[in-house]
Peer 1: 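This is the structure I want to talk about, given as structure tokens.
Residue numbers begin at 1 in each chain, while the letters A, B, ... track the order of the sequences. Keep in mind it's a predicted model, so treat the numbers as computed, not measured.
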Number of protein chains: 2
Amino acid sequence: MSITIKDIARETGFSVATVSRVLSDKTGFFSPQTAIIVREAAANLGYKKNMAATELVTQKSNVIAVIVNSTKTNFSDQIINGIQKRADEAEKRVIILYAGDRNERAQKIALSTALERPILGILLLSVDLFPSNLDILTSSQIPFYFLSISFKNNELNYISSDDQEIGYQATRYLLEQGHKNIGIAGLDITNSAHTGVLRFKGYQQALNESGITFKQHWLQTGDYSYESGISALRNYCLNKDVTAVIAASDLVGIGILNECSHLKINVPAELSIITIDGTNLCKLVRPQLSSVTQDFYRMGYLGTTYLINSAQNNAYTSIVINQRQSVQKISSTDY
Amino acid sequence: MSITIKDIARETGFSVATVSRVLSDKTGFFSPQTAIIVREAAANLGYKKNMAATELVTQKSNVIAVIVNSTKTNFSDQIINGIQKRADEAEKRVIILYAGDRNERAQKIALSTALERPILGILLLSVDLFPSNLDILTSSQIPFYFLSISFKNNELNYISSDDQEIGYQATRYLLEQGHKNIGIAGLDITNSAHTGVLRFKGYQQALNESGITFKQHWLQTGDYSYESGISALRNYCLNKDVTAVIAASDLVGIGILNECSHLKINVPAELSIITIDGTNLCKLVRPQLSSVTQDFYRMGYLGTTYLINSAQNNAYTSIVINQRQSVQKISSTDY
DNA sequence: ATACCTAGAGCAAACGTTTACAATAGATAT
DNA sequence: ATATCTATTGTAAACGTTTGCTCTAGGTAT
């Protein structure tokens, strides 16, 4: 049984009300000396506030629940740092819940864990909620925002990159380097969150603008994984026409890169690679991967800001192209 | 204002006590029909239990708080998976709290966030607590275990690898491959948790057993980071005698590897590398890094088991050597 | 002297649950 | 018919806070 406000009241001779007011800094409701006495007693007794009780009576909370996929998305750290920073500035606390790997049950557990206690709101980190779980969430009245995922309709709040713009910019960049046969690999174009279809759309748009006709095998779908990269590269080898490829994630990029090394294909001399995400992984491999880099930190920061201010808007965070070592210019005469 | 047990009581005509009993499955205290009626009403109204209230009265909780460093330790995912698995089996919930990057204040905030509500216990993931914060924790009466960190004395509970054994095994392995001049890089030998000094001790032990005299420059201290690896390699180049090096972490190993590539040193032909940890990163780079691999998943699983059963013991998890591509045998004639 | 204000403090209700205890009704045993 | 048991339900206290309201004593304005 731990120390409560009552113990302090008994110890100091004041009422619980007074003690409570001192300890929660309701300035103007107690004299300075009282405050000193109470605070000292609290410190001596090793008092620790019971938030469950506080939240029960105030009906509000200062904790933000962040739900993440356990699938190593390797950029979630950056988002979480942004969240943490903003939360800290606003004196909010954050707890993180794992929602498993696209697992309906695990998602539900994470959701319940969050929903079953008073919380400020929920941030979903690139978790693609099952419909049943989305229902639970929407009917809960708790504000929530999706991060790093966007939606077709604007019923759901999200903060992410503009995925179509990502596809477009990546393609433009490669075109500017003289590439004409450009692959796009590792992305999912059936996903309900439609990240993949948007990126593909941007890619096609850029191709069209340059008068290039898309060839079906240039698109190698996948699930943003390392393995997707490997199998994509193998398929490209069948036609041997692409000179550059857009990887749907850093892991896909590394998969492609490593399979190239395996097959003795020189990057970037024989194949240029640009990846989407731009996490630290790009700088860990050799050659370093050029990337269209997303501002994950800002996604977290902004999402948290919106949540705190209960702003009901969506937003895109900026993207930028980082030139490293995996893309090479080719002159048209090379063809 | 959300739906409470009272609303269900009013709706169904039963007392709150009965409703509570049905909803928390106190079998034997209600009739089957009552149960049906109550459950249906709960579902219809969209009832969601308020855990803050429950925890307040029962004085216990089914949530485990996990405190992690925000410093990308890239193996914490594995530990968390182990925790999550075990917690799930025992119907416990887990929340994760970020403790910043060796930041006293951030640690304290994370700790308070955990301590200020009813929780089952705390798991600390390779977080080296500041003394002041350790005080807070110990005086809280809440059970806690350190994961992936060990201590000299056995006052504190921990589950980790046997770091001395890691150092010993890594060195033995290299010796068996014919190496005699073996460096050890990127580890911290001042750290209070003394992971580094133990690994170094194991290393020296193996050296001694083989009758090799340790040279001071073979030890390149650091902070387990990528940068530590880079600067270690540069220092080794000053003497040009080491033929193999033990990297204190996968990131250190990659730092060494990349600096080798920068300086045109061939791995493993000219320099062998074995890293400690053995996370996925080892398989992402070329050549793939051989490693002494820790069983992080099991650390999490076991730690959680101990916490749940309030077993007051320490434990070491097993290690294993994974041969990949970064270590080469050298014949003694090479010298 | 009277009326009014203010600072500081206490009283008690409320938040949403759980649970010991009491109550009731029917069933069983004698 | 009486005593005893059992299954089901209700009553009310308790958990640790916060906060509207009340109270008192001293101060200020008239």
Peer 1: Which nucleotide wins on minimum distance to the side chain of Ala17(B), given the candidates dT9(D), dA12(D), dG16(C)?
Peer 2: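 Per side-chain heavy atoms of Ala17(B), the pick is dA12(D).
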Peer 1: Output yes when at least one side-chain N/O atom of Thr18(A) is less than 4.0 Å from OP1 or OP2 of dG10(C), else no.
Peer 2: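 Answer yes for this pair, as a side-chain N or O of Thr18(A) is under 4.0 Å from OP1 or OP2.
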Peer 1: Please give, in whole Å, the distance from dT18(D) P to Leu23(A) CG?
Peer 2: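 Computing the Leu23(A):CG to dT18(D):P distance gives 8 Å.
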Peer 1: Lys26(A) side chain N/O closer than 4.0 Å to the phosphate oxygens (OP1, OP2) of dT19(D)?
Peer 2: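 It does, given that an N or O in the side chain of Lys26(A) lies less than 4.0 Å from OP1 or OP2 of dT19(D).
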Peer 1: Quick check: on DNA chain D, is the nucleotide nearest Leu56(B) upstream (toward 5') of the one nearest Gly28(B), or the reverse? Name the residue that is more 5'.
Peer 2: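 Checking each residue's closest nucleotide, the 5'-ward one belongs to Gly28(B).
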Peer 1: What class does the angle between the rings of Phe144(B) and Phe146(B) fall in, given that below 30° is parallel, 30 to 60° is tilted and above 60° is perpendicular?
Peer 2: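 Ring orientation, 0 to 90° scale: perpendicular.
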Peer 1: State which residue, out of Ile79(B), Ile96(B), Leu97(B), fulfils the side chain to side chain contact (heavy atoms under 4.5 Å, CB included) condition with Leu125(B).
Peer 2: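 Single side chain to side chain contact (heavy atoms under 4.5 Å, CB included) partner of Leu125(B) among Ile79(B), Ile96(B), Leu97(B): Ile79(B).
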Peer 1: What's Ser20(B) touching, base or sugar-phosphate or nothing? Going by heavy atoms closer than 4.0 Å.
Peer 2: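 Answer is base: heavy atoms of Ser20(B) come under 4.0 Å of a base.
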Peer 1: Without decimals, in angstroms, what is the distance between Glu55(A) CD and dG16(D) P?
Peer 2: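 Going from CD in Glu55(A) over to P in dG16(D) covers 16 Å.
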Peer 1: Looking just at side-chain N and O atoms, do Arg86(A) and Thr305(A) make a donor-acceptor pair shorter than 3.5 Å?
Peer 2: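 A pair is found: one side chain offers a donor N or O, the other an acceptor, under 3.5 Å apart.
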Peer 1: Can you tell which of dT11(D), dG16(C), dT18(C) lies closest to the side chain of Thr4(B)?
Peer 2: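 Of dT11(D), dG16(C), dT18(C), dG16(C) is nearest to the side chain of Thr4(B).
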Peer 1: Answer with base, sugar-phosphate or nothing: what part of the nucleic acid does Phe14(B) contact at a heavy-atom distance below 4.0 Å?
Peer 2: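 Result for Phe14(B) = sugar-phosphate.
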Peer 1: For Tyr145(B) and Asn313(B), work out which heavy atoms get closest and say how close.
Peer 2: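 Nearest pair, atom of Tyr145(B) first, then Asn313(B): CE2-O, 4.2 Å.
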Peer 1: Among dG20(D), dT9(D), dG16(D), which nucleotide sits nearest the side chain of Arg21(A)?
Peer 2: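 Per side-chain heavy atoms of Arg21(A), the pick is dG20(D).
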Peer 1: Taking 4.0 Å as the cut-off, does a side-chain nitrogen or oxygen of Gln59(B) come that near to OP1 or OP2 on dG16(D)?
Peer 2: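 For Gln59(B), the contact criterion (side-chain N or O under 4.0 Å from OP1 or OP2 of dG16(D)) is met.
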Peer 1: Is it true that the side chains of Tyr98(A) and Asp88(B) contain a donor and an acceptor less than 3.5 Å apart?
Peer 2: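 Looking only at side-chain atoms, Asp88(B) and Tyr98(A) do not form any donor-acceptor pair under 3.5 Å.
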Peer 1: Is it true that, when you exclude Glu116(A) itself, more than 12 heavy atoms of the residues, nucleotides or ligands shown sit nearer than 6.0 Å to its CD?
Peer 2: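 Yes - once you tally the heavy atoms of other residues, nucleotides and ligands closer than 6.0 Å, there are more than 12.
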Peer 1: Taking for each residue the nucleotide of DNA chain D bearing the nearest heavy atom, is the 5' side occupied by Val19(A) or by Phe29(A)?
Peer 2: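 It is Val19(A), whose closest nucleotide lies nearer the 5' terminus.
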Peer 1: If you check the Ser15(B) side chain, which of dT18(D), dG10(D), dG16(C) turns out closest?
Peer 2: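 Nearest nucleotide to the side chain: dG10(D).
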Peer 1: When you measure from every atom of DNA chain D, which of residues 30-51 of chain B have a heavy atom less than 4.0 Å away?
Peer 2: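 Heavy-atom cutoff 4.0 Å gives Phe30(B), Ser31(B), Thr34(B).
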Peer 1: Verify the contact: side-chain N or O of Thr54(A) to OP1 or OP2 of dT17(D), cut-off strictly under 4.0 Å; return yes or no.
Peer 2: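 No, Thr54(A) has no side-chain N/O under 4.0 Å of OP1/OP2 on dT17(D).
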Peer 1: Which nucleotide in the list dT18(D), dT19(D), dC15(C) gets nearest to the side chain of Ile5(A)?
Peer 2: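 Closest nucleotide to the Ile5(A) side chain: dT18(D).
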Peer 1: Are the side chains of Val63(A) and Arg117(B) in touch, meaning some heavy atoms are under 4.5 Å apart?
Peer 2: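 Yes - at least one pair of side-chain heavy atoms lies under 4.5 Å apart.
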